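Report on the following structure.
The analysis underlying the following values was restricted to heavy atoms, covering all of them including side chains, and did not include hydrogens, waters or symmetry mates. Whatever order the structure lists ligands and atoms in, that order sets their numbers, starting from 1. Owing to the predicted nature of the structure, the values given are computational and were not obtained by experimental measurement.
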Amino acid sequence: MTRVIIDCDPGHDDAIALMLAHRHAQVLGISTVSGNAPLAATTANALMVTALLDVDTPVHAGAARPLAGEPRHALVVHGQSGLDGVERADHRRTVASDDAVEFLLDAPDRDVWIIALGPLTNLALAIERDPAWVRRIAGISIMGGSATVGNTTRVAEFNIFADPEAAARVFLAGADLTMCGLNLTHQLRTTDAIVSRLRQAANPRAKFAAELFDYLHGRMADLIGVREAALHDPCAVLAVTHPQLIETEPRAVDIELEGTLTRGMTVVDQRSTRRQDPANARVAYRIDAGRAMDLVLECMD
Ligand code: RIB
Ligand code: CA
């Protein structure tokens with residue numbers, strides 16, 4: 001099985017991604033970061049999900065704030081706890097450490113993938129401490145950015161917008177980097193029919209997922225008038241565990257740091273191939289959404 005470390009900010013879709021990763025990869029550890037909610041909440045949620053899954057994956061707490069500016073959260077989507085709307089598994093788990101960056105740097109060898117599902121602060125701090133780190137890991141798969149429109153501003157996606165300086169450092173570090181942006185992740189969407197199907201299954205993971213999707217659909221209905229939710233973070237897991245399901249193209253990607261309207265934008269060079277700047281990422285453009293959703297639902301059996 002592919003060995004991975006999941007850096008995340010649970011977060012509803014992060015929780016589904018953790019379920020998927022634990023089914024299809026060897027998860028060496030989880031590092032948490034401020035993002036969807038403050039660090040204390042995302043860390044508590046990661047611990048709770050490991051209890052729900054009954055796995056002994058260590059959780060290491062990471063950065064509580066971005067490299068520059070103030071922390072930004074997405075509580076309007078995920079709620080005050082960062083994972084509202086679900087019955088929380090009881091547990092007495094605690095973090096393995098408060099130094100997620102050290103844990104990332106200790107990634108054992110070249111066949112470990114880093115799957116980043118939140119702002120890239122922890123990864124940027126690891127690169128700052130040891131630029132050679134990116135050559136000691138197999139690669140980085142991120143949910144972040146977009147080759148089309150944003151979700152937090154017209155052009156910026158939340159994970160990048162929450163820490164653009166960190167994203168710039170990761171994209172320029174020379175890693176083997178796959179970018180699953182909104183242009184891809186919006187192809188994988190949950191519906192109320194999926195909630196009904198999960199409610200018929202009699203196991204705690206399916207019950208948890210049904211509650212989670214039902215809550216998310218309610219938030220999306222309030223925010224955009226549609227009872228559906230894009231499964232953003234699971235796409236970055238599938239890019240590592242099932243790469244055959246995702247079509248990517250080599251692209252030059254830079255992060256806008258200065259623009260009044262465009263700060264946090266992933267500027268993807270999509271000109272004709274003869275004119276493109278040298279690629280620094282594999283940008284995902286298409287996913288086999290049917291097969292991907294089957295894999296997501298199977299991890300709740
Ligand atoms: O823009 C979507 C991303 O922001 C997802 O990772 C979601 O969990 C939030 O972190
Ligand atoms: Ca996330």
Side-chain angles (χ1 to χ4, degrees), residues 4-21 30-39 41-46 48-49 59 62-66 71-79 81-86 100 114-123 140-164 166-167 170 178-190 209 212-213 215-217 219-220 223-224 228-240 255 263-266 284 287 296:
V4 304
I5 291 173
I6 309 282
D7 186 78
C8 55
D9 62 336
H12 290 72
D13 55 327
D14 303 71
I16 300 299
L18 288 170
M19 296 172 81
L20 188 63
I30 296 168
S31 48
T32 57
V33 65
S34 168
N36 284 320
L39 178 68
T42 60
T43 303
N45 293 335
M48 189 275 290
V49 171
V59 175
R65 55 183 313 109
R72 294 178 182 274
H73 305 308
L75 301 179
V76 69
V77 174
H78 300 279
S81 72
L83 196 53
D84 280 13
V86 297
I114 309 298
I115 301 176
L117 309 177
L120 294 169
T121 317
N122 291 336
L123 276 69
I140 298 171
S141 174
I142 76 162
M143 190 282 136
S146 176
T148 53
V149 297
N151 58 2
T152 305
T153 72
R154 299 176 194 170
V155 295
E157 177 278 327
F158 175 79
N159 287 338
I160 308 299
F161 186 73
D163 195 344
V170 172
T178 298
M179 174 182 127
C180 296
L182 297 175
N183 58 293
L184 178 90
T185 63
H186 274 284
Q187 298 171 38
L188 185 61
R189 311 178 68 81
T190 58
L212 184 149
F213 290 147
Y215 171 84
L216 264 188
H217 294 167
R219 297 307 306 130
M220 290 300 110
L223 292 169
I224 59 173
E228 287 185 355
L231 275 187
H232 303 291
D233 292 340
C235 291
V237 172
L238 291 171
V240 174
I255 312 299
R263 177 169 161 80
M265 178 179 183
T266 46
I287 187 169
V296 167

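At a cut-off of 3.0 Å, Phe158 does not coordinate the Ca ion (ligand 2) through any N, O or S atom. Here Asp233 meets the criterion, with an N, O or S atom under 3.0 Å of the Ca ion (ligand 2).
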(request) Applying side chain to side chain donor-acceptor pair (under 3.5 Å), run through Ser81 and Asp84 and close with a yes or a no. (result) CA-CA 6 Å; Ser81 72; Asp84 280 13; 2.4 Å; yes
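Taking CD1 from Ile160 and OG1 from Thr153, the interatomic distance works out to 11.5 Å, rounded to the nearest 0.5 Å. If you take CG on Leu83 and CG on Leu216, they are separated by 9.0 Å, rounding to the nearest 0.5 Å.
Aromatic ring orientation, Tyr215 versus His12: parallel (interplanar angle below 30°, classes split at 30° and 60°).
Geometry about the Ca ion (ligand 2) gives an angle of 80° between OD1 of Asp9 and OD1 of Asp14, rounded in steps of 10 degrees.
With a 4.5 Å cut-off on side-chain heavy atoms, Asp13 and His78 count as touching. At least one side-chain heavy atom of Leu123 sits under 4.5 Å from a side-chain heavy atom of Asp7. Counting heavy atoms from C-beta on, the side chains of Met143 and Val237 never come closer than 4.5 Å.
For a heavy-atom separation below 4.0 Å, the residues in contact with ligand 1 are Asp9, Asp13, Asp14, Asn36, Leu117, Met143, Asn151, Glu157, Phe158, Asn159, His232, Asp233.
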